[in-house]
Amino acid sequence: MKCKKIIVAIIGIAITATVVASLSLTSFFADAADESIGTAYLCYQAGADSFWDADSEYLTAADITGDGSYSVTATANMGSGSIECMILTTDINAFDYAEEGASAGNYGIPEGCIAYIAIDSIEIQRTSGETDTIEYTGPSDGAFRTNDDGSTIRVNIWNIWQSPNITDLGGSTSDDETKFEFADDTGINTGDVIVVNFTVSGTDADDDNGDSNGDNGDTTDSDVPSDAIAEAYFLGNIGAEYYWGADSDSNTGNAPTTTYITGDGTYTVTWDLANGGTDTVEFLAVVISPVNGIENFTTDTFTDLVVTLDEVKVDGVAISDYTVSDNAIDTAYYESGAGVTRIYLHDDWAGTGVADLASETTITTSIEVIFTISGAEYANDMGDVDGDGDIDVQDAYIVQVEFTNISAGKDASFTDAQKTAADINEDGEITIRDAYYIQVYFAQTSADMNPTWEDVLAG
């Protein structure tokens, strides 16, 4: 295939024509960057019309400026009763959206690539003023892949010239899969305009000061496990060493370790000291803070949440007579931002008066706290895969990434709660069809159609 410029994408989702016609998907991505990251256009052959160059007078390209909704068009010169090939393509390098040094995965897509395109609808705008829809049934396995250059990705909509054959247009009147054939009284006439509407996502991943999952919620660093619901760390001071959170300018000495919470279980946090320690403790607590879009790590989000302090070790030795005060564990602490859980060891500043760790305790090299969490198995609502309380494009995107990774032979990363929330048709598998249902639900909700999952599944 002689496409000069090819698409960046991982997965596309079809949206029904009635939904697409009723709302502008551009508003879904209002934060898209203004700077161009590439150009998209349509590679297309229908009968005698054969367009493969973005500069063709019959093609209208789209300037891609980041996440958002776009359209590309092809105007019929000769007209045809069939379509032999249709490919959405861009000049964006897929490896720009994967980890440095990433190797090519399934169908050449770099492992960990987060950019993708969702095919929303395909239309024919007639010279008569009417608009017809060509059903998009994809994406089939292998529709999203690298081109011959090994670095860019094409989305094959109808392409039997590459293996696997992709025939993702519905309603062909012919059994001949070498082409899509219109009914006798339809087809593409001279002057008709073929429009492919699509949504780009995953290209704004570095925006919002580290909000890499794009949900405008809690920062998700690349080191945070995808199944983590919270992170635990020490807060306070030990001698000349201070730690008040990752964004504080007052931190000195060694930072405490961060432990990621993935559900019920026993966890350990430690603080290894660098500046000689102390024999006076004024404030020291363990904070358990939400990550990966979880709204709060409190009993408001996890209604059955229970946190217990099991053991405290100073310089590697357990304090045998350590007693936990009734108010030492606050499972609904709110000051600014997300709600957190705090385990107070000593507090002369925050008003609790907890002194379970004596103020005159000598800490020379380290302190360690072991604690147990129960009731933290997050019960996501159907479709709310990231657990942020909303069902939106981000949830569909997460499902797409999970499906792509599994298809590429990688291990599944979803928690049990995420699997339940993502398996919309309840067939026991996470597939592109589930992502499609979430996208439809989101589109219909945005159009004030008040859908139910039964409506979406019924199609």
Is there side-chain contact between [X] and [Y], with heavy atoms separated by less than 4.5 Å?
X	Y	result
Thr404	Phe144	no
Trp271	Ile363	no
Ile319	Leu357	yes
Asn296	Ile294	no
Ile391	Trp453	yes

*Roughly how far, to the nearest 0.5 Å, is the CG atom of Leu305 from the OG1 atom of Thr331?*
5.5 Å
*Nearest 0.5 Å, what's the CG-OG1 distance between Asp381 and Thr420?*
11.5 Å
*For Thr262, does its backbone N or O pair with a side-chain atom of Tyr267 as donor and acceptor, under 3.5 Å?*
yes
*Do any N or O atoms from the side chain of Glu402 and from the backbone of Ile430 form a donor-acceptor pair under 3.5 angstrom?*
no
*Please test Asp264 against Ser374 for side chain to side chain donor-acceptor pair (under 3.5 Å), starting from the C-alpha separation and ending with a verdict.*
CA-CA 5 Å; Asp264 293 354; Ser374 63; 5.7 Å; no
Can you list the residues that meet the side-chain hydrogen bond (donor to acceptor under 3.5 Å, both in side chains) rule with [X], with sequence neighbours excluded?
X	value
Asp300	Tyr334
Thr60	Thr73
Thr131	none
Thr299	none

Using side chain to side chain contact (heavy atoms under 4.5 Å, CB included) as the criterion, list what pairs up with [X], not counting sequence neighbours.
X	result
Thr452	Glu454, Asp455
Glu429	Asp427, Thr431
Leu457	Ile424, Asn425, Tyr437
Asp392	Asp388, Asp390, Gln394, Asp395, Phe442

_Trace of the side chain to side chain contact (heavy atoms under 4.5 Å, CB included) decision for Phe297 with Ile373_ = CA-CA 11 Å; Phe297 194 82; Ile373 293 174; 3.9 Å; yes
*When you look at Asp67 and Val393, which way does the side chain to side chain contact (heavy atoms under 4.5 Å, CB included) test go after all the steps?*
CA-CA 11 Å; Asp67 292 0; Val393 168; over 6 Å; no
*side chain to side chain contact (heavy atoms under 4.5 Å, CB included) between Leu345 and Tyr322: does it pass, once the steps are laid out?*
CA-CA 10 Å; Leu345 281 71; Tyr322 193 93; 3.6 Å; yes
*side-chain contact (heavy atoms from CB on, under 4.5 Å) with Ile288: which of Ile329, Thr298, Thr341?*
Thr341
Which pairs of donor and acceptor atoms, one on a side chain in residues 365-372, lie under 3.5 Å apart (sequence neighbours left out)?
residue	atom	partner	partner atom	Å
Thr365	OG1	Asp315	OD1	3.0
Thr372	OG1	Thr266	OG1	2.9
Thr372	OG1	Asp310	OD2	2.5

*Pairs where residues 234-243 contributes a residue and the test side chain to side chain donor-acceptor pair (under 3.5 Å) is met, not counting sequence neighbours*: none
_Sequence neighbours excluded, every pair satisfying side chain to side chain donor-acceptor pair (under 3.5 Å) that has a member inside residues 344-361_ = Ser325-Asp356, Arg342-Tyr344, His346-Asp348, Asp347-Thr352
_Smallest separation among heavy atoms of Val340 and Pro290, with atom names_ = CG1-CD, 4.1 Å
